[in-house]
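Residue numbers count from 1 along this sequence.
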Amino acid sequence: GFALNGQHTKLRGFCHHEDFAGVGVAVSPRINLYRIQALRALGGNSFRTSHNPYGPINYQIMDRLGVVIWDETRDYTPWQIHDMVAMVKRDRSHPSVIIWSYCNEIECHLDMPGEAGVQFDFRKAVLGADSTRPISANFFSTVDDPAIEQAVDVHGQSHGSSATIDQWHRAHPDEPQISSECCSCTTQRGQNSVTNATYQRTNFDGDCLQRQVSDMDDIPYLAGTLGVWTLFDYYGEPTAWPSISSSFGQFDLIGVPKAHAHWYRAWWLCNIAVDDPSRPYADACDQVHIVEAWDPTDPPAILHVFTAAPHVELVINGQSQGTAAATRYGYAQFNVTFVAGTVTAFAMNQEGTRVSNHTIQSASAVASLRLTVDAPSEVTGTGSQLYADGHDMALIRAELVDDKGTVVNGASDVIVYSIESGPGRIVGVGNGDPACHEPNKVNYRSAYHGLGRVVVQVTTDCVSPNRGLLASMDVDGGNVTQVTSDCNALENIVVKATGAGFSSTITVSLTWDSSASVLAVASNKPSSLDFLSHF
């Protein structure tokens with residue numbers, strides 16, 4: 001296993017790719033804080049930098065939030081040793097980094113001429129830069145392992161089954177193992193059914209979760225699973241054309257949780273004792289979540305319910321539909337006939353007492369457009385104000401809702417965004433649809449299952465050191481970012497969205513106070529992390 005500060009700690013975490021809707025890989029510190037808080041809200045305590053070193057701000061955030069890092073580079077040839085060493089030297093002062101990784105999967109297998117012995121060169125170079133941490137790699141494993149196995153301290157398993165892990169453990173009982181990548185389950189937010197299974201996915205793949213994650217969690221000698229693939233969807237590796245992004249994430253491309261996020265919160269957070277050192281700081285919780293949307297345009301015939309409680313009762317319009325057992329690491333399910341109204345799932349303990357509930361309801365026609373700031377937000381652990389540094393970004397969610405405030409799951413109207421006042425600009429848009437080909441760097445986007453995203457950046461800098469020098473180097477003449485020494489006239493940013501015949505505005509608070517900076521927010525006592533309740 002793995003010990004942290006002398007306490008046995010089960011690693012539970014996610015792999016990542018760096019891009020985010022609307023901004024590509026130009027991800028701001030605030031968005032990175034949002035993603036790391038999202039990891040913690042699901043019970044995650046570890047972060048794999050697949051498959052390259054990440055921006056320094058990520059390590060600084062995780063140092064402060066108590067998330068540990070598997071730090072990885074990709075290329076594993078004699079010509080890339082200097083890259084590995086550069087990563088180690090750059091990151092070795094971060095207490096969050098607990099392990100170095102040489103490479104990922106196929107790059108770890110020495111099948112190129114002239115590379116024999118490179119594993120020892122890598123090891124010697126890494127130990128020369130830092131001898132305080134173990135070394136590993138994420139590779140496909142058998143008992144007859146590739147040459148790289150001779151140069152690692154921890155055996156990293158990429159998508160190894162429990163049988164493969166056990167077989168390797170029997171052959172090497174004294175060598176530690178970790179599931180460095182696993183559990184590639186695919187879903188799409190809000191999708192009850194599919195019209196083309198070649199590229200579409202529903203919002204439910206609970207059998208995959210039950211099979212793959214439980215395989216890893218139930219192995220006592222395994223240090224943990226720090227590599228669920230992945231926390232967020234990302235561009236590339238689609239299921240099939242016309243999709244252009246993956247569907248592996250627990251959050252979609254715009255950072256909105258999919259149903260599987262609630263499964264991880266149930267089993268990796270709420271099901272873990274509050275005093276367990278593996279558990280992120282959070283209050284005690286009970287989790288129950290209905291997977292499908294109660295959508296008259298795509299009515300479900302089965303409702304799946306995620307919970308770690310042993311039983312679930314389902315109530316439709318006040319009438320009990322009975323109870324069902326929730327399987328371990330699984331779910332409860334109910335056969336239903338759609339009828340407009342309200343559906344509530346009650347999680348029940350062994351004594352039959354209701355301990356938690358989740359309610360969904362059918363929607364009527366779109367009656368308004370609602371805007372919500374997802375970051376900065378106290379609920380998501382990302383602060384309450386943007387920082388006037390010329391770089392900070394806000395994540396604003398647009399929802400097409402009916403007259404009762406319920407998101408209209410079938411709505412796909414185009415939403416147009418604008419800055420009404422204040423020092424802000426639109427830097428990107430998104431909607432979470434893996435098959436959407438609309439542009440990202442514009443001010444409009446169709447909604448996907450009723451939701452859209454706009455990313456807004458601060459355009460004034462009155463806090464950065466050496467602002468005078470920055471102003472003298474300003475090649476755009478203040479047309480994009482205004483560098484100034486006057487913070488007294490600072491305005492908040494007002495954002496407007498228009499779609500489906502409706503409009504709405506929201507104000508994003510802006511300050512020069514350094515307590516609003518990303519690292520200052522991350523340095524605060526971690527929030528209780530009711531992150532998912534924000535959506």
Side-chain angles (χ1 to χ4, degrees), residues 1-15 36-49 58-72 91-101 130-136 138 152-157 162 165-166 169 172-183 213-228 231 264-287 308 328-329 381 522-531:
F2 172 73
L4 182 65
N5 296 327
Q7 294 183 297
H8 180 265
T9 303
K10 193 77 168 180
L11 294 173
R12 301 183 180 96
F14 297 86
C15 301
I36 295 164
Q37 293 286 35
L39 176 147
R40 295 181 62 248
L42 272 54
N45 57 22
S46 50
F47 184 110
R48 178 177 170 225
T49 64
N58 289 277
Y59 300 79
Q60 295 172 308
I61 291 171
M62 287 184 273
D63 286 346
R64 289 159 173 78
L65 288 177
V67 176
V68 298
I69 302 172
W70 164 292
D71 209 5
E72 181 171 286
D91 298 337
R92 62 191 175 188
S93 295
H94 289 287
S96 54
V97 176
I98 62 167
I99 195 165
W100 309 115
S101 173
D130 175 47
S131 61
T132 67
R133 295 172 176 86
I135 302 168
S136 189
N138 180 58
V152 299
D153 304 303
V154 178
H155 187 82
Q157 290 271 5
S162 57
I165 291 170
D166 185 64
H169 177 66
H172 310 273
D174 297 325
E175 296 186 34
Q177 278 191 92
I178 192 166
S179 177
S180 44
E181 182 175 325
C182 80
C183 315
V213 182
S214 65
D215 259 11
M216 302 300 104
D217 274 15
D218 284 344
I219 302 173
Y221 53 79
L222 196 68
T225 305
L226 57 74
V228 170
L231 185 64
Y264 279 100
R265 180 174 173 83
W267 287 103
W268 276 15
L269 186 73
C270 298
N271 192 50
I272 306 299
V274 173
D275 59 356
D276 189 314
S278 308
R279 190 182 194 269
Y281 172 79
D283 291 339
C285 55
D286 292 290
Q287 181 76 5
R328 184 171 182 271
Y329 284 110
S523 297
N524 294 333
K525 181 180 180 181
S527 68
S528 184
L529 284 180
D530 202 12
F531 190 108

Specify the closest pair of heavy atoms between G44 and P280, including all atoms of both residues, with the distance to one decimal.
O-CG, 3.3 Å
Heavy-atom distance under 4.5 Å between the side chains of Y221 and D166, does that happen here?
yes
Can D276 and R279 be said to form a salt bridge (Lys or Arg N to Asp or Glu O under 4.0 Å), step by step?
CA-CA 6 Å; D276 189 314; R279 190 182 194 269; over 6 Å; no
Are any non-hydrogen side-chain atoms of F47 and L231 less than 4.5 angstrom apart?
no
Steps toward salt bridge (Lys or Arg N to Asp or Glu O under 4.0 Å) verdict (R265, D530)
CA-CA 10 Å; R265 180 174 173 83; D530 202 12; 3.5 Å; yes
Mind checking what makes disulfide (SG to SG under 2.5 Å) contact with C183, not counting sequence neighbours?
none
Separation between CG of D218 and OG of S162, rounded to the nearest 0.5 Å:
9.0 Å
Give the minimum heavy-atom separation between S180 and N138, together with the two atoms involved.
OG-OD1, 2.6 Å
Minimal non-hydrogen separation, S101 against E72, with atom names:
OG-OE1, 3.0 Å
In Å, rounded to the nearest 0.5 Å, how long is the span from OG of S278 to NE2 of H8?
7.0 Å
Quick check for you: to the nearest 0.5 Å, what is the distance between Q157 atom CD and E181 atom CD?
11.5 Å
Apply disulfide (SG to SG under 2.5 Å) to C285 and list each qualifying residue two or more places apart in sequence or on a separate chain.
C270
For a quick test of reading the model, state the closest non-hydrogen atom pair linking V274 to A282 and the distance between them.
CG1-O, 4.2 Å
Would you sort out whether Y59 and T49 count as a side-chain contact (heavy atoms from CB on, under 4.5 Å), showing the intermediate values?
CA-CA 10 Å; Y59 300 79; T49 64; 3.9 Å; yes
Would you call the rings of Y264 and F14 parallel, tilted or perpendicular, taking 30° and 60° as the class edges?
perpendicular
Are I165 and M216 close enough that some pair of their side-chain heavy atoms sits under 4.5 Å apart?
yes
Minimum heavy-atom distance A308-A266, with the two atoms named
CB-O, 3.6 Å
Quick one: does S46's side chain have a donor or acceptor within less than 3.5 Å of a partner on R12's backbone?
yes
Contact summary for I98 and R133, nearest pair of heavy atoms
O-CB, 3.9 Å
CA sep, side-chain torsions, deciding dist, call: F2, I99, side-chain contact (heavy atoms from CB on, under 4.5 Å)
CA-CA 11 Å; F2 172 73; I99 195 165; over 6 Å; no
Could you measure the distance from the CD1 atom of I219 to the OG1 atom of T225? Nearest 0.5 Å is fine.
8.0 Å
Please confirm whether the backbone N or O of H94 pairs with a side-chain atom of S96, one donor and one acceptor, at under 3.5 Å?
no
Between NE2 on residue H172 and CD on residue Q177, distance to nearest 0.5 Å
8.5 Å
Quick one, K10 with I272, criterion side-chain contact (heavy atoms from CB on, under 4.5 Å). Give me CA distance, side-chain angles, the key distance, then yes/no.
CA-CA 11 Å; K10 193 77 168 180; I272 306 299; over 6 Å; no
What do the steps show when you test L11 against N45 for side-chain contact (heavy atoms from CB on, under 4.5 Å), and what is the final call?
CA-CA 6 Å; L11 294 173; N45 57 22; 4.0 Å; yes
Report yes if the side chains of I178 and L226 come closer than 4.5 Å at any heavy-atom pair, otherwise no.
yes
Short question: side chain of R40, backbone of I36 - any donor-acceptor pair under 3.5 Å?
no
Validation row: S136, D153 side chains within 4.5 angstrom (heavy atoms)
no
Distance in Å, D217 CG paired with W267 CH2, rounded so as to fall on 0.5 Å steps
10.0 Å
